[in-house]
Protein chains: 2
Amino acid sequence: MTKFINQKNDIINKLRGSGLRPTKQRILIAKNLFENNRTFHFTIDSLNKKISKKGNEKISLATIYNTVEAFTEAGYLKEILTSKNKSYYDTNIKSHHHFYDEGTKELTDINYNQVKLSKVPMAPKGKKIKNLEVVIRIQK
Amino acid sequence: MTKFINQKNDIINKLRGSGLRPTKQRILIAKNLFENNRTFHFTIDSLNKKISKKGNEKISLATIYNTVEAFTEAGYLKEILTSKNKSYYDTNIKSHHHFYDEGTKELTDINYNQVKLSKVPMAPKGKKIKNLEVVIRIQK
DNA sequence: TTCTAGTTTATAATTATTCTAAACTAGAAA
DNA sequence: TTTCTAGTTTAGAATAATTATAAACTAGAA
Ligand SMILES: [Mn+2]
Ligand SMILES: [Mn+2]
Ligand SMILES: [Zn+2]
Ligand SMILES: [Zn+2]
């Protein structure tokens, strides 16, 4: 009970800390994204479905888009670009890599230390490296 | 002159070799993609514009989509997935990596030997690795 | 030359995403 | 507490990329 309250307070503080008002909708989305310890990958559509079940009050699709974008900008989510025509997001914000299964279209994490790069090019002059990601495409 | 004819024959043979009829449209698209030695990245839209100039007979957008897909399946093009909401293609089909500039949204090749991986995870059981790509996102 | 499977085309349909502008609300201030 | 307003949510429209449809065309075998 205390734990539950604290979790909710944590979320509220997290939001406030990024200048985001802790609205009912944002709190509910944050619960669905961050309340269990395990991280996962999702799309707007899968998140929307996840929230729609459980008899929650409905959140409009526009709000889900807005909130996921806001959370991404705040650094609570990472956007993963591996797939055509659809954006994937990741609640694992640590630097890491991915398997992308072309059959099932599923992403799986590869721990950062499972990949070692012994040579990496410098950024072109005037530019700096924002991140480096390895994607390993797999299939049956 | 002889060279020109041979180039066109090369294209026709290339297409036939993949079970693709060498139609006027496919030959024109192939010329625009493969006739000069340097490789490049493009989108459907940029390819369409490139062909529309030069006073070529117009090719319908649907045919450009169909042809690019057919060429990709035939292995003449590689699809690059780095960008939200738009597909990029590459006439460089050798294994290589990319810089992606988040400001200009431009792709630049990184030679295969400019990146060295000293450790790579195994594919999950039952799956095999189709390719591995490094994307380095850069910005000002 | 004929014939037909494969191809092209204009256009409609679909899908993901973004925009709009009106209604609502968190929370600071009175 | 109540008032006020900037920030937020919302339904629905708009946009953009892509895919589907189905009628007209054509490469090339026979
Ligand atoms: Mn899209
Ligand atoms: Mn799309
Ligand atoms: Zn991940
Ligand atoms: Zn390339």
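None of the values given here were measured: they were computed from a predicted structure. A note on names: the letters A, B, ... follow the listed sequences, proteins ahead of strands, and every chain is numbered from 1.
In this structure, of dT9(C), dT9(D), dT18(C), it is dT18(C) that holds the atom nearest to the side chain of Lys84(B). In this structure, of dT17(C), dT9(C), dA6(D), it is dA6(D) that holds the atom nearest to the side chain of Arg21(A). Distance from the side chain of Thr63(A) is smallest for dT9(D) among the nucleotides dA10(C), dT9(D), dA17(D). Residue Tyr65(A) places its side chain closer to dA16(C) than to any other of dA16(C), dT26(D), dG7(D). Nearest to the side chain of Leu61(B), among dT18(D), dG28(D), dA26(C), sits dT18(D). The nucleotide whose nearest atom lies closest to any side-chain atom of Arg26(A) is, among dT8(D), dT11(C), dG12(D), dT8(D). The side chain of Arg16(A) has dG27(C) as its nearest neighbour among dA5(C), dG27(C), dT19(D). Residue Gln25(A) places its side chain closer to dT10(D) than to any other of dT19(D), dT17(C), dT10(D). For Lys86(A), taking side-chain heavy atoms from C-beta onward, the closest of the listed nucleotides dG27(C), dA16(C), dA11(D) is dA16(C).
Nucleotide dT19(D) holds its C1' atom 15 Å from the CD1 atom of Ile64(B), rounded to whole Å. Summarising the geometry, the separation between NZ on Lys49(B) and P on dA16(D) is reported as 11 Å, rounded to the nearest angstrom. Summarising the geometry, the separation between CG on Leu20(B) and C1' on dT8(C) is reported as 14 Å, rounded to the nearest angstrom. Rounded to whole Å, the distance from NZ on Lys58(B) to C1' on dT11(C) is 18 Å. Here the C1' atom of nucleotide dG27(C) and the CD1 atom of Ile27(A) are 13 Å apart, to the nearest Å. For the pair Ile59(A) CD1 and dC24(C) C1', the interatomic distance rounds to 15 Å; values are reported in whole Å. The distance from atom CG of Leu15(B) to atom P of dG6(C) is 16 Å, rounded to the nearest whole Å. Rounding to whole angstrom units, CD of residue Glu73(A) and P of dT18(C) are separated by 11 Å.
Checked by atom type and distance alone, the side chain of Ser46(B) pairs as donor or acceptor with a backbone atom of Thr43(B) at under 3.5 Å. Side-chain atoms of Asn13(A) come within 3.5 Å of backbone N or O of Asn9(A) as a donor-acceptor pair.
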Let's go through Ser18(A) and Tyr76(A) carefully: what are the C-alpha distance in whole Å and the side-chain angles of both, what is the deciding distance for side-chain hydrogen bond (donor to acceptor under 3.5 Å, both in side chains) to 0.1 Å, and is it a yes or a no? CA-CA 10 Å; Ser18(A) 308; Tyr76(A) 306 151; 2.2 Å; yes
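Comparing Lys24(B) and Ser87(B) by the nucleotide of DNA chain D whose heavy atom lies nearest to each, the residue mapping closer to the 5' end is Ser87(B). Two residues, Ala62(A) and Ser60(B), neighbour DNA chain C, and the one matched to the more 5' nucleotide by heavy-atom proximity is Ser60(B).
Pairing partner, dA30(D): dT1(C), with both Watson-Crick or wobble hydrogen-bond distances short of 3.5 Å. Pair assignment for dT3(D): dA28(C), on the basis of Watson-Crick or G-U wobble contacts that are both within less than 3.5 Å.
Side chains of His97(A) and Asp109(A): a donor-acceptor N/O pair is absent below 3.5 angstrom, by distance only. Side chain to side chain, Asn113(A) and Lys119(B) fail the donor-acceptor criterion of an N or O pair below 3.5 Å.
His98(A) is listed as a side-chain neighbour of Ile80(A), based on a closest heavy-atom distance under 4.5 Å.
When heavy atoms are screened at a 4.0 angstrom cut-off, Thr23(B) is found touching the sugar-phosphate backbone but no base atom. Within the 4.0 angstrom heavy-atom criterion, base atoms lie near Asn66(A).
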